Amino acid sequence: AYATEEAVRFMDECKDRGLLLGKGGLMGNVVRIAPPLNITREDVTFMLETMGQALAAIEKQFGKVALG
């Protein structure tokens, strides 16, 4: 239950919406963000909204997505 496929799908959904994320972890199931030090409130809002949309999209394919 490493959710590797879900992590890849999540990153693809984010990329399709204009947000690039990194991948890590031994199983490729760790999503990494690396915002610049001068990130703006608008950038953070975009990132969070995009990640929320991506989670909603993959939830339809994989069912409820567990966070944490």
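Reckoned from all heavy atoms, side chains included, excluding hydrogens, waters and symmetry mates. Note that the structure is predicted; figures quoted are calculated from it, not measured.
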Q) Can you tell me how far the CD atom of Glu6 sits from the OG1 atom of Thr4, to the nearest 0.5 Å? A) 8.0 Å
Q) Got a second to check how far Ile33's CD1 is from Leu20's CG, nearest 0.5 Å? A) 13.0 Å
Flag yes if [X] and [Y] sit in one hydrophobic cluster, no otherwise; membership is Ile, Leu, Val, Met, Phe, Trp, Tyr, and two members link when side-chain heavy atoms are under 4.5 Å apart.
{"X": "Phe46", "Y": "Met11", "value": "yes"}
{"X": "Leu19", "Y": "Val8", "value": "no"}
{"X": "Leu48", "Y": "Ile39", "value": "yes"}

Q. Can you list every side-chain hydrogen bond (donor to acceptor under 3.5 Å, both in side chains) pair that touches residues 26-39, not counting sequence neighbours?
A. none
Q | Selection residues 15-24 - residue pairs positive for side-chain hydrogen bond (donor to acceptor under 3.5 Å, both in side chains), sequence neighbours left out | A | Glu13-Arg17, Arg17-Gln53
Q.
Atom CD of residue position Glu5 - does it have more than 12 heavy atoms of other residues, nucleotides or ligands inside 6.0 Å?
A. no
Q) What residues join Met27 in its hydrophobic cluster, counting side-chain heavy atom gaps under 4.5 Å, either direct or through other members? A) Tyr2
Q: Check Gly28 against Ala7 and note the closest heavy-atom contact, atom names and distance.
A: O-CB, 3.9 Å
